[in-house]
Amino acid sequence: MTGAGGAFEAATGDGPPLPDPTADPAGAGRRAAEVRVAYEGLLQIRRLTNTAGGDPGAVPAPWERNQPVRAVALALEAAGVPPSALDAGGRRVRTGYRVGPGERPGQVRVEWLGPPGGGAAQEEDTALAECARALERLGWEALLYRGPRRRRHLEVEPIPAPG
């Protein structure tokens, strides 16, 4: 979504629903273009800042390490994983990922959430595995944990920078 001041904000799963390609193809197309530009910008930042050797695209850049929730949300959205969403009353209305801060600084928590009775709990193993694969390709370590009420989540951290 375009946030305050017109700046792009990756979907964390705690915002309003993204445009539906069936109901709003123009809006969905604009959103896809915004995500593509933001993701290409992220890869360019990696090329310019990860100069210690190896593949500069294989590890998160300092910007990502300083804003891991935004970086992980962008990586998931760019990979085509759907975000969850909330309505104006704060009720969850779409099933998908939710990205938020982890328990430790620099750590991110990724959950698979949806509306009550929507089946998110039954999808979470497969969906979180897809999230982990998308993040690991970009240099994030994603470990699966079981939390309260036996719900699973990922704890995500950037792999150490080379050098």
**Request:** Flag yes if L144 and L113 sit in one hydrophobic cluster, no otherwise; membership is Ile, Leu, Val, Met, Phe, Trp, Tyr, and two members link when side-chain heavy atoms are under 4.5 Å apart.
**Result:** no

Exercise answer: donor-acceptor pairs, residues 114-140 side-chain atoms, under 3.5 Å, sequence neighbours excluded:
{"unit_1": "E123", "atom_1": "OE1", "unit_2": "W112", "atom_2": "NE1", "d": "3.0"}
{"unit_1": "E124", "atom_1": "OE1", "unit_2": "R151", "atom_2": "NE", "d": "2.7"}
{"unit_1": "E124", "atom_1": "OE1", "unit_2": "R151", "atom_2": "NH2", "d": "3.0"}
{"unit_1": "E124", "atom_1": "OE2", "unit_2": "R152", "atom_2": "N", "d": "3.0"}
{"unit_1": "D125", "atom_1": "OD1", "unit_2": "R152", "atom_2": "NE", "d": "2.8"}

**Complete:** For P17 and V93 the tightest heavy-atom approach is CG-CG2, 3.8 Å

**Message:** Do L42 and V72 sit in one hydrophobic cluster, given that two such residues count as connected whenever their side-chain heavy atoms are within less than 4.5 Å of each other, even indirectly?
**Reply:** yes

**Message:** Quick one, R92 and D14 - any side-chain contact, counting heavy atoms below 4.5 Å?
**Reply:** yes

**Prompt:** Just how far is it from atom CG of L48 to atom CZ of R46, taken to the nearest 0.5 Å?
**Reply:** 13.0 Å

**Item:** Any N50 side-chain heavy atom under 4.5 Å of P62 side chain
**Value:** yes

**Asked** How far does CZ of R94 sit from CG of L86, to the nearest 0.5 angstrom?
**Response** 11.5 Å

**Residues R47, D55: salt bridge by 4.0 Å N-O rule** = no

**Prompt:** So which heavy atom on P16 is nearest to which on A85, and how close?
**Reply:** C-CB, 3.8 Å

**Complete:** Separation between CZ (F8) and CD (E34), nearest 0.5 Å, reads 6.5 Å

**Request:** Show your reasoning for whether side chain to side chain contact (heavy atoms under 4.5 Å, CB included) applies to E77 and Y97.
**Result:** CA-CA 9 Å; E77 191 173 354; Y97 66 80; 3.5 Å; yes

**Prompt:** Is the number of heavy atoms from other residues, nucleotides or ligands within 6.0 Å of CZ (R150) greater than 12?
**Reply:** no

**Request:** Please confirm whether the backbone N or O of A10 pairs with a side-chain atom of R70, one donor and one acceptor, at under 3.5 Å?
**Result:** no

**Prompt:** Hey, are the side chains of P83 and L76 touching, using non-hydrogen atoms and a 4.5 Å cut-off?
**Reply:** no

**Item:** Cluster check L43, L74: I/L/V/M/F/W/Y, side chain < 4.5 angstrom
**Value:** yes

**Asked** Where is the tightest heavy-atom contact between T49 and A61, given as atom of each residue plus distance?
**Response** OG1-CB, 3.4 Å

**Fill in**
On a heavy-atom basis, the closest approach of A28 and D20 is CB-C, 4.2 Å

**Request:** Output the distance between atom CZ (R65) and atom CD (E157), rounded to the nearest 0.5 Å.
**Result:** 10.5 Å

